[in-house]
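No hydrogens, no waters, no symmetry mates; every other heavy atom, side chains included, goes into these values. To find a chain, count down the sequence lines: A is the first, B the second, and so on, and within it residues start at 1. What you see is a predicted model; the values in this text were computed from it and never measured.
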Number of protein chains: 2
Amino acid sequence: MQPQIIPNISVDCVIFGFDFETKSLNVLLIERFLKADEGNEPLVNDYVLTGYHTYEGETLDETASRVLKELTGLDNLYKKQFKVFGDPNRLMNDRDIIWAKNQNFNQRTITIAYYFLLQTHEVNLRNTEHKAQWFPVDKLPALGFDHKAIINEAYADLKEKSMYKPIIFELLPDKFTIKELQDTYEAILGTEIDNRNFRRKLITKKFIVKLDEKQVGISKKPSHLFMFSKDIYQKAYKENYLINI
Amino acid sequence: MQPQIIPNISVDCVIFGFDFETKSLNVLLIERFLKADEGNEPLVNDYVLTGYHTYEGETLDETASRVLKELTGLDNLYKKQFKVFGDPNRLMNDRDIIWAKNQNFNQRTITIAYYFLLQTHEVNLRNTEHKAQWFPVDKLPALGFDHKAIINEAYADLKEKSMYKPIIFELLPDKFTIKELQDTYEAILGTEIDNRNFRRKLITKKFIVKLDEKQVGISKKPSHLFMFSKDIYQKAYKENYLINI
DNA sequence: TTAATAAGCGTCATATTGACTATTATTTTC
DNA sequence: GAAAATAATAGTCAATATGACGCTTATTAA
């Protein structure tokens with residue numbers, strides 16, 4: 001028996017993936033398609049975030065994790081509930097009205113938006129029944145509902161947090177090079193960073209731990225691998241309130 | 001005619017006020033009271049945040065502003081939607097069940113939590129029809145529902161933001177002394193700060209503007225007054241992405 | 001063997017910080 | 001009206017961090 005959904009409350013998930021090939025911060029979107037009656041243009045043909053209604057008896061965090069798992073098969077990713085979108089007319093552009101009519105929903109719906117962080121290669125797109133695809137966060141396709149706004153707010157939050165919290169490591173593999181770390185920062189912040197100063201600054205942090213390993217299978221000089229120690233970070237910053245406005 | 005409420009969605013407001021007399025960050029709470037049938041102990045006698053259901057046709061931000069205005073008469077304060085509380089059993093302790101029965105609501109309700117920032121003396125408590133009262137954020141009374149958790153999350157968010165954003169000025173009068181600014185930081189962060197280093201650090205910021213005015217009606221050496229220039233701040237930080245983990 | 005390339009080390013001037021000492025401008029008290 | 005008390009404000013000094021660079025080294029491809 002299907003669990004009962006709460007019709008006016010949903011969760012939408014912005015799935016951010018960092019792609020090390022293209023050094024691009026991407027968002028995972030699914031296709032929304034509705035064929036026209038005759039041989040005309042499709043009525044709806046755009047992309048949306050993955051999301052679904054909350055079930056009775058389920059927490060919002062559980063809804064978000066369930067929705068993520070259904071699309072990607074993944075669990076235990078960094079998850080952040082960052083904002084609620086509840087404007088009365090948030091589902092009111094033309095395509096959305098056609099879509100809503102087709103899907104038989106017409107109530108005002110409030111959506112709790114989450115974002116998740118991972119690397120694009122962690123997701124096997126062929127496994128998904130939806131047509132899911134990665135898009136660079138700065139080259140998004142036409143989006144349904146208010147999902148463009150949701151993505152932009154998620155990105156703004158991620159950008160801000162990445163400047164003062166070690167959230168960026170959620171986008172990196174466990175073992176990474178300083179250059180990869182820098183690439184990720186540059187992609188998120190949209191800036192160029194001097195490589196030598198960046199190295200110095202990061203390598204001197206105690207929570208960036210140098211491993212006894214080097215990159216393999218790389219042409220050019222192979223780089224050392226590092227890891228992020230959450231433990232050391234938390235110990236160091238527990239009692240350390242600094243004003244930095 | 002009354003607007004229609006959305007029964008399973010509400011907004012709760014954490015109203016933070018800084019009290020310069022006691023140098024304490026306070027929260028404005030309203031009394032929740034339900035008399036017992038006989039001369040017994042009251043059935044419910046604790047405090048809650050102010051909050052109410054969203055109306056159809058109203059944005060969540062509008063709900064929050066409306067609720068704030070009803071309690072305090074105030075408008076245009078700093079407002080932050082910081083988290084949603086939607087656990088299925090969030091209203092399930094004994095007193096809450098009694099209260100819910102008395103008020104005829106029993107549905108799962110999801111609440112969107114906001115916090116507001118102001119100075120305690122801006123609110124005239126005698127004007128309010130509810131029994132509203134300020135409590136220091138670290139000395140809260142017995143609270144109904146999950147409101148203790150909501151306040152703690154709001155405080156954690158405020159604390160974090162105050163370290164890297166100029167949010168603290170929302171708790172201060174337009175014209176303030178450096179000592180008042182320091183007191184506010186110390187109260188929020190719960191730390192002691194060296195007065196001389198703090199002065200130097202803040203006074204050298206271009207967005208802290210020294211006025212041609214001094215405190216009046218004070219014994220001891222009167223201090224200069226300063227103001228915060230949002231304009232200067234925003235211009236300076238628009239293009240200035242710094243990693244500070 | 002050499003060229004090419006990215007990794008990684010070093011330098012220098014300037015700015016910021018943390019920990020203190022000292023001075024100044026007020027009001028209250030004697 | 002002088003002295004004491006108190007808070008505001010200025011200044012010092014060593015250590016550390018930053019921004020803007022130049023240079024060396026390890027590796028693979030040619």
Side-chain angles (χ1 to χ4, degrees), chain A residues 20-23 163-164 166 172-173 175-187 189 191-227 233 236-237 239-245, chain B residues 20-23 163-164 166 172-173 175-187 189 191-227 233 236-237 239-245:
Chain A
F20 285 94
E21 306 289 314
T22 59
K23 298 177 184 176
M163 286 192 278
Y164 64 91
L172 288 160
K175 300 170 179 186
F176 52 84
T177 69
I178 300 292
K179 185 56 164 45
E180 285 168 338
L181 180 54
Q182 185 184 338
D183 286 343
T184 313
Y185 268 119
E186 289 185 338
L189 300 179
T191 41
E192 299 220 325
I193 305 172
D194 181 274
N195 173 260
R196 294 147 305 180
N197 292 337
F198 180 83
R199 286 184 63 75
R200 182 182 53 192
K201 179 162 184 166
L202 272 290
I203 283 179
T204 51
K205 306 275 180 198
K206 279 144 286 161
F207 53 81
I208 305 280
V209 180
K210 190 174 189 170
L211 301 173
D212 260 346
E213 273 179 83
K214 292 191 175 190
Q215 274 181 314
V216 289
I218 216 81
S219 59
K220 312 290 134 51
K221 180 173 177 178
S223 167
H224 260 100
L225 291 172
F226 293 79
M227 56 169 282
Y233 181 84
Y237 282 69
E239 303 275 315
N240 194 14
Y241 285 129
L242 293 170
I243 299 157
N244 229 305
I245 60 169
Chain B
F20 285 94
E21 306 288 315
T22 59
K23 299 178 183 175
M163 287 191 277
Y164 64 91
L172 288 160
K175 302 170 179 183
F176 52 84
T177 69
I178 300 291
K179 185 56 164 44
E180 285 169 339
L181 180 54
Q182 184 184 338
D183 286 344
T184 312
Y185 268 119
E186 289 185 337
L189 301 179
T191 42
E192 298 220 325
I193 305 172
D194 181 274
N195 173 260
R196 293 144 309 174
N197 291 337
F198 181 82
R199 286 184 63 76
R200 181 182 53 190
K201 178 163 186 165
L202 272 289
I203 284 178
T204 51
K205 307 273 180 200
K206 280 145 285 163
F207 53 81
I208 303 281
V209 181
K210 189 173 190 169
L211 301 173
D212 260 346
E213 273 179 81
K214 293 190 173 188
Q215 276 182 311
V216 288
I218 216 80
S219 60
K220 310 292 132 54
K221 182 172 175 178
S223 168
H224 260 99
L225 291 172
F226 293 79
M227 56 169 282
Y233 181 84
Y237 283 68
E239 303 275 316
N240 194 14
Y241 286 129
L242 292 169
I243 300 158
N244 230 304
I245 60 170

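- A donor-acceptor pair under 3.5 Å is absent between the side-chain atoms of B:Lys206 and the main chain of B:Ala236, judged by distance alone.
- We find that CG of B:Asn195 is positioned 15 Å from P of C:dC20, with the value rounded to whole Å.
- If you take CD of B:Glu192 and C1' of C:dG18, they are 15 Å apart, rounded to a whole angstrom.
- Inter-residue side-chain proximity for B:Ile193 and B:Tyr185 is flagged as met; some heavy-atom pair is nearer than 4.5 Å.
- The side chain of B:His224 places an N or O atom within less than 4.0 Å of a non-bridging phosphate oxygen (OP1 or OP2) of D:dT9.
- Between the CG atom of B:Leu181 and the P atom of D:dA8 there is a distance of 13 Å, rounded to whole Å.
- The CD1 atom of B:Ile203 sits 14 Å away from the P atom of C:dT17 (whole-angstrom rounding).
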What protein N or O atoms touch nucleotides 24-26 of chain C N or O atoms at under 3.5 angstrom, if any, and at what distances?
residue	atom	partner	partner atom	Å
C:dT24	O2	B:Lys221	NZ	3.2
C:dT26	OP1	B:Lys214	NZ	3.4

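- Here the side chains of B:Phe20 and B:Leu172 are in contact, with some heavy-atom distance below 4.5 Å.
- Looking at A:Gln215, its side chain does come within 3.5 Å of a backbone N or O of A:Ser223 through a donor-acceptor pair.
- Ring geometry for A:Phe207 versus A:Tyr233: interplanar angle over 60°, hence perpendicular rather than tilted (30 to 60°).
- Looking at B:Lys201, its side chain does come within 3.5 Å of a backbone N or O of A:Ile243 through a donor-acceptor pair.
- Across the protein-nucleic acid pair, B:Glu180 atom CD and D:dA8 atom C1' stand 13 Å apart, rounded to whole Å.
- Between B:Ser223 and the phosphate of D:dA7, there is no side-chain N or O to OP1/OP2 separation shorter than 4.0 Å.
- Closest non-hydrogen pair, A:Asn197 versus A:Arg200, comes out as OD1-NH2, 3.2 Å.
- Atom CD of A:Gln182 and atom P of C:dA6 are 13 Å apart (whole Å).
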Check the pair A:Leu189 / A:Met163 against side-chain contact (heavy atoms from CB on, under 4.5 Å), numbers first and verdict last.
CA-CA 8 Å; A:Leu189 300 179; A:Met163 286 192 278; 3.8 Å; yes
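- Atom P of nucleotide C:dA7 and atom CZ of A:Phe176 are separated by 15 Å, given to the nearest angstrom.
- Of the options B:Lys179, B:Glu186, B:Glu180, a side-chain hydrogen bond (donor to acceptor under 3.5 Å, both in side chains) to B:Gln182 is made by B:Glu186 and by none of the others.
- For A:Asp183 and C:dA7, the CG to C1' distance is 13 Å, given to the nearest whole Å.
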Assign a letter to each nucleotide of nucleotides 15-23 of chain D from its 5' end: B, base within under 4.0 Å of a protein heavy atom; S, sugar-phosphate only; -, no contact.
---BBBBB-
